[in-house]
Amino acid sequence: MSQLEPSELAEESAVPIETIRYYQSIGLLPPPTRSGRKALYSRAHLERLTKIKELRSKGWSLKAISAFLEDDRHKDQKSYSRALRGNYSLLELSQITAVPTEILDALVQDGVLKPKDVDGKTFSEIDVALAKNSLSLLSFGLPLTEVLRLAKSYHSAVEELAEAAAELFAKEIREPILSKNGADAAGRVVETYEAVFSNAVELVTLHFEKELALASFRLLERIGTDAELTIVKERIEREDEVGANE
């Protein structure tokens with residue numbers, strides 16, 4: 001059947017109706033559609049409920065399950081908001097990302113992951129993305145020790161740059177806005193910060209992307225084969241053609 005009544009959903013999922021309603025009340029399960037006074041659930045509800053049940057059987061908290069299932073829900077939100085969103089323990093971060101706590105501990109020690117609170121126990125959505133990306137790098141066969149070494153070096157340089165950039169914003173942008181805008185100053189500061197933040201992140205990302213590409217190409221010219229160089233040059237030429245036609 002394409003649609004299920006509450007009793008049918010409970011029977012097929014082996015989850016009590018009361019639990020289903022609770023999951024709905026906390027936003028973990030979408031509400032049913034209505035046909036008159038009758039509540040109807042779809043196969044998507046059953047699949048989601050089955051996944052929730054599976055993760056619960058593995059000891060996942062409801063908060064971790066929610067973050068895992070809704071991983072893409074904030075993709076278009078501003079980075080500043082993302083940096084503050086989320087309130088995960090190290091264990092929940094491990095559950096969401098499938099990264100062992102030992103690796104997460106090492107990433108924290110080397111500054112790749114940084115707790116957002118003073119007591120150092122709470123992590124945000126940004127840390128979820130960072131942890132997943134770190135695991136992705138390891139899956140390609142990169143040694144953990146070397147990844148952590150690079151991460152530590154990168155963190156040290158970026159932290160210093162970020163602190164300097166924040167101080168520059170405070171002095172050159174925030175202070176003039178506060179001195180000229182009266183009651184509207186706080187809102188103007190936040191709006192301006194969002195715009196500057198987005199531009200700065202894009203600038204840094206594009207710059208690193210370009211430098212990494214150039215460094216990789218220089219390395220390939222030194223140690224690569226003629227076949228590898230030919231393939232890379234052909235791809236670069238194709239990308240240039242696409243960019244010119246956009």
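Note: hydrogens, waters and symmetry copies are ignored here, and every other heavy atom, side chains too, is used.
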Student: Restricting to non-hydrogen atoms, name the atom on L135 and the atom on T97 that form the minimum distance, rounded to 0.1 Å.
Tutor: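 Nearest pair, atom of L135 first, then T97: CD2-O, 3.8 Å.
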
Student: Given side chains that start at C-beta, do those of T50 and E54 come closer than 4.5 Å, heavy atoms only?
Tutor: no

Student: Quick one: are L40 and E5 in side-chain contact, heavy atoms under 4.5 Å?
Tutor: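 Yes - at least one pair of side-chain heavy atoms lies under 4.5 Å apart.
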
Student: Considering only heavy atoms from C-beta outward, does the side chain of Y41 approach that of I20 to under 4.5 Å?
Tutor: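 SC-SC contact between Y41 and I20 confirmed.
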
Student: To check you understand the geometry: which heavy-atom pair defines the closest contact between L93 and F123, and what is its length?
Tutor: CD2-CG, 3.9 Å

Student: Say whether L144 and L130 are linked into one hydrophobic cluster, either directly or through other cluster members, by side-chain heavy-atom distances under 4.5 angstrom.
Tutor: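 Yes, L144 connects to L130 through the hydrophobic network.
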
Student: From K152 NZ over to L150 CG, what is the distance, rounded to the nearest 0.5 angstrom?
Tutor: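 K152 atom NZ to L150 atom CG measures 12.5 Å (nearest 0.5 Å).
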
Student: Are more than 12 heavy atoms from other residues, nucleotides or ligands located less than 6.0 Å from atom CD of E221?
Tutor: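 More than 12 heavy atoms, drawn from other residues, nucleotides or ligands, come within 6.0 Å of this atom.
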
Student: Closest heavy-atom contact between L138 and L142?
Tutor: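 Heavy atoms only, the tightest pair is CD2-O, 3.5 Å.
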
Student: Hey, could you give me the NE2/CG distance between H155 and L107, rounded to the nearest 0.5 Å?
Tutor: 11.5 Å

Student: Flag the pair D127 / Y88 as yes when at least one side-chain heavy-atom distance between them is below 4.5 Å, and no otherwise.
Tutor: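 Answer no - side chains too far apart.
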
Student: Should the pair R149-E146 be classified as a salt bridge under the 4.0 Å nitrogen-to-oxygen rule?
Tutor: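 Yes, this pair counts.
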
Student: Do S134 and I103 have side-chain heavy atoms sitting under 4.5 Å apart?
Tutor: no

Student: Starting at CG of L28, measure out to OG1 of T19 and round the result to the nearest 0.5 Å.
Tutor: 11.5 Å

Student: To the nearest 0.5 Å, what is the distance between OG on S66 and CH2 on W60?
Tutor: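 Output value for this atom pair is 11.5 Å.
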
Student: Verify the cluster assignment for I26 and L55: are they in a single hydrophobic cluster under the rule of side-chain heavy atoms below 4.5 Å apart?
Tutor: yes

Student: Just so I know, are the side chains of R48 and P30 near enough to count as touching, which here means a heavy-atom distance under 4.5 Å?
Tutor: yes

Student: Can you find a heavy atom in the side chain of K180 that is under 4.5 Å from one in the side chain of R188?
Tutor: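 The answer is no; the side chains never approach within 4.5 Å.
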
Student: Can you tell me how far apart OG (S13) and CD (E8) are? Round to the nearest 0.5 Å.
Tutor: 11.5 Å

Student: Return the CG to OG1 distance between L91 and T101, rounded to the nearest 0.5 Å.
Tutor: 7.5 Å

Student: Do you know which two heavy atoms are closest between K171 and P176, and how far apart they sit?
Tutor: O-CD, 3.6 Å

Student: If you take all heavy atoms of L148 and A106, which pair is closest and at what distance?
Tutor: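 Smallest heavy-atom distance, with atoms named: CD1-CB, 3.7 Å.
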
Student: Under a 4.5 Å side-chain heavy-atom rule over Ile, Leu, Val, Met, Phe, Trp and Tyr, are L137 and L113 clustered together?
Tutor: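 Same cluster.
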
Student: Would V204 end up clustered with L168 when hydrophobic side chains under 4.5 Å apart are linked, directly or stepwise?
Tutor: no

Student: If hydrophobic clusters are built from ILVMFWY residues whose side chains come within less than 4.5 Å, do I52 and Y22 share one?
Tutor: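 I52 clusters together with Y22.
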
Student: What heavy-atom pair brings L29 and H45 nearest, and what distance separates the two atoms?
Tutor: CD1-O, 3.8 Å

Student: For atom CD of E211, is the number of surrounding heavy atoms from other residues, nucleotides or ligands below 6.0 Å larger than 12?
Tutor: yes

